[in-house]
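Presented below is the structure to which this report refers.
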Number of protein chains: 2
Amino acid sequence: MVEYQSPHLDAVFHALSDPTRRAMLHRLSGGEQSVSQLAQPFDMSLAGASKHVKVLEGAGLVSRRVDGRTHYCRLEAARLAEAQAWFRYYERFWSNRLDALQAILEAEDRESSAGRD
Amino acid sequence: MVEYQSPHLDAVFHALSDPTRRAMLHRLSGGEQSVSQLAQPFDMSLAGASKHVKVLEGAGLVSRRVDGRTHYCRLEAARLAEAQAWFRYYERFWSNRLDALQAILEAEDRESSAGRD
DNA sequence: CAGTTAGTCAACCTAATGGTTTACTTTTTA
DNA sequence: TAAAAAGTAAACCATTAGGTTGACTAACTG
């Protein structure tokens with residue numbers, strides 16, 4: 001039995017498990033974006049995109065500033081840092097190992113060819 | 001529209017979004033475990049735990065070796081490394097920043113108090 | 001002031017999740 | 001050889017997820 005679960009990590013990893021949301025985060029890495037701007041690249045209703053933003057917000061990965069009728073979203077990197085920290089425990093299994101390095105490079109390669117994932 | 005999604009990342013982050021599965025991974029960081037051994041700490045049927053193992057396996061985070069009637073599971077760290085690599089792009093938002101460091105430390109603290117999360 | 005734009009909310013739908021139980025196969029053990 | 005143990009598979013159930021549409025509010029713009 002797990003004494004202490006981390007709903008924080010649950011929410012963050014769940015938010016990251018969707019490609020649309022990862023793409024939105026990538027978009028936000030370039031600076032503030034309105035909900036409409038975030039929605040624009042996707043073949044999806046605004047309401048649908050708005051739900052994704054809410055999931056990101058709920059996970060603490062994004063914050064929102066309302067100006068008039070426009071909602072500006074900002075990346076909250078601290079939560080990402082927190083999630084990355086989860087991996088630190090497991091790093092001993094791959095740091096200094098060549099095959100894992102290769103996995104990382106391959107992943108980065110895939111990422112750059114994806115453009116916004 | 002996203003040209004290239006990564007079903008890989010989808011599956012890995014989804015697998016990590018469940019506390020039971022994160023606890024199983026933590027357990028496996030100590031070495032091979034049978035499905036029953038993995039299931040034992042949880043208040044859950046063996047079939048339920050077996051499903052979680054399958055999700056981890058499907059995400060490539062765990063591999064399986066069958067010996068007689070026993071299925072031994074092993075951590076596949078390369079996939080974890082790959083997931084961690086996803087964060088590397090965002091690191092520029094927090095590396096060398098004190099508040100993010102604090103977030104990491106807090107996360108690690110929570111982790112150690114959790115014991116197996 | 002009328003119309004458009006930004007966005008949310010609620011209702012709805014379908015598919016996937018996380019769990020159960022029961023049945024089954026295979027292997028081990030008494 | 002009979003019973004128990006390890007595990008999967010299938011059927012089922014309730015809840016969540018990801019999407020839609022339509023109605024609504026609030027704020028710009030002409």
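These numbers were taken from a predicted model, which means no experiment stands behind them. Per chain, numbering begins at 1; letters A, B, ... match sequence-line order.
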Output a table of nitrogen or oxygen pairs between the protein and nucleotides 14-23 of chain D separated by less than 3.5 Å.
unit_1, atom_1, unit_2, atom_2, d
D/dG18, OP1, A/Arg21, NH2, 3.1
D/dG18, OP2, A/Arg21, NH1, 3.2
D/dG19, OP2, A/His52, NE2, 2.1
D/dG19, N7, A/Lys51, NZ, 2.9
D/dG19, O6, A/Lys51, NZ, 2.3
D/dT20, OP1, A/Ser45, N, 3.4
D/dT20, OP2, A/Ser45, N, 3.0
D/dT20, OP2, A/Ser45, OG, 2.8

**Flag, side chain of B/Arg79 to backbone of B/Ala59, donor-acceptor distance under 3.5 Å** = yes

**Message:** Is there a side chain to side chain contact (heavy atoms under 4.5 Å, CB included) between A/Glu76 and A/Leu61? Walk through the geometry before answering.
**Reply:** CA-CA 5 Å; A/Glu76 286 296 328; A/Leu61 292 168; 5.6 Å; no

**Request:** Starting from P on C/dT26, measure out to NE2 on B/His71 and report it in whole angstrom.
**Result:** 12 Å

**Request:** Please report, rounded to the nearest Å, how far the P atom of C/dA6 is from the CD atom of A/Gln37.
**Result:** 10 Å

**Request:** For residues A/Arg21 and A/Leu56, determine if any side-chain heavy atom of one lies less than 4.5 Å from a side-chain heavy atom of the other.
**Result:** yes

**Message:** For A/Phe13 and B/Phe13, take the angle between the two ring planes, folded into 0 to 90°, and tell me which bin it lands in: parallel under 30, tilted 30 to 60, perpendicular over 60.
**Reply:** parallel

Between the protein and nucleotides 24-26 of chain D, which nitrogen or oxygen pairs come in under 3.5 angstrom?
none

**Asked** Can you tell me if A/Gln37 and A/Glu32 form a side-chain donor-acceptor pair at under 3.5 Å?
**Response** no

**Check against side chain to side chain contact (heavy atoms under 4.5 Å, CB included), A/His14 and B/His14** = CA-CA 6 Å; A/His14 169 250; B/His14 169 250; 5.5 Å; no

**Message:** Check for me, please, whether A/Leu16 and A/Val55 land in the same ILVMFWY cluster - side-chain distances under 4.5 Å, paths through other members count.
**Reply:** no

**Request:** Could you tell me which non-hydrogen atom of B/Phe87 sits nearest to which non-hydrogen atom of A/Leu80, and how far apart they are?
**Result:** CE2-O, 3.5 Å

**Message:** Quick one about A/Tyr90 and B/Ser29 (side-chain donor to acceptor, distance below 3.5 Å, no hydrogens or angles considered), yes or no?
**Reply:** no

**Message:** If the threshold is 4.0 Å, N to carboxylate O, is there a salt bridge linking A/Glu57 and A/Lys54?
**Reply:** no

**Message:** In whole Å, I'd like the distance from the CG atom of B/Asp67 to the P atom of C/dT26.
**Reply:** 17 Å

**Message:** Does A/Arg65 have more than 12 heavy atoms from other residues, nucleotides or ligands lying within 6.0 Å of its CZ?
**Reply:** yes

**Item:** Structure string for DNA chain D in dot-bracket form, Watson-Crick and G-U at under 3.5 Å, | interchain
**Value:** ||||||||||||||||||||||||||||||

**Request:** May I ask you to verify if any side-chain N or O of A/Ser50 is less than 4.0 angstrom from the OP1 or OP2 atom of C/dT8?
**Result:** yes

**Message:** What is the distance, to the nearest angstrom, from the CG atom on B/Leu38 to the P atom on D/dA6?
**Reply:** 13 Å

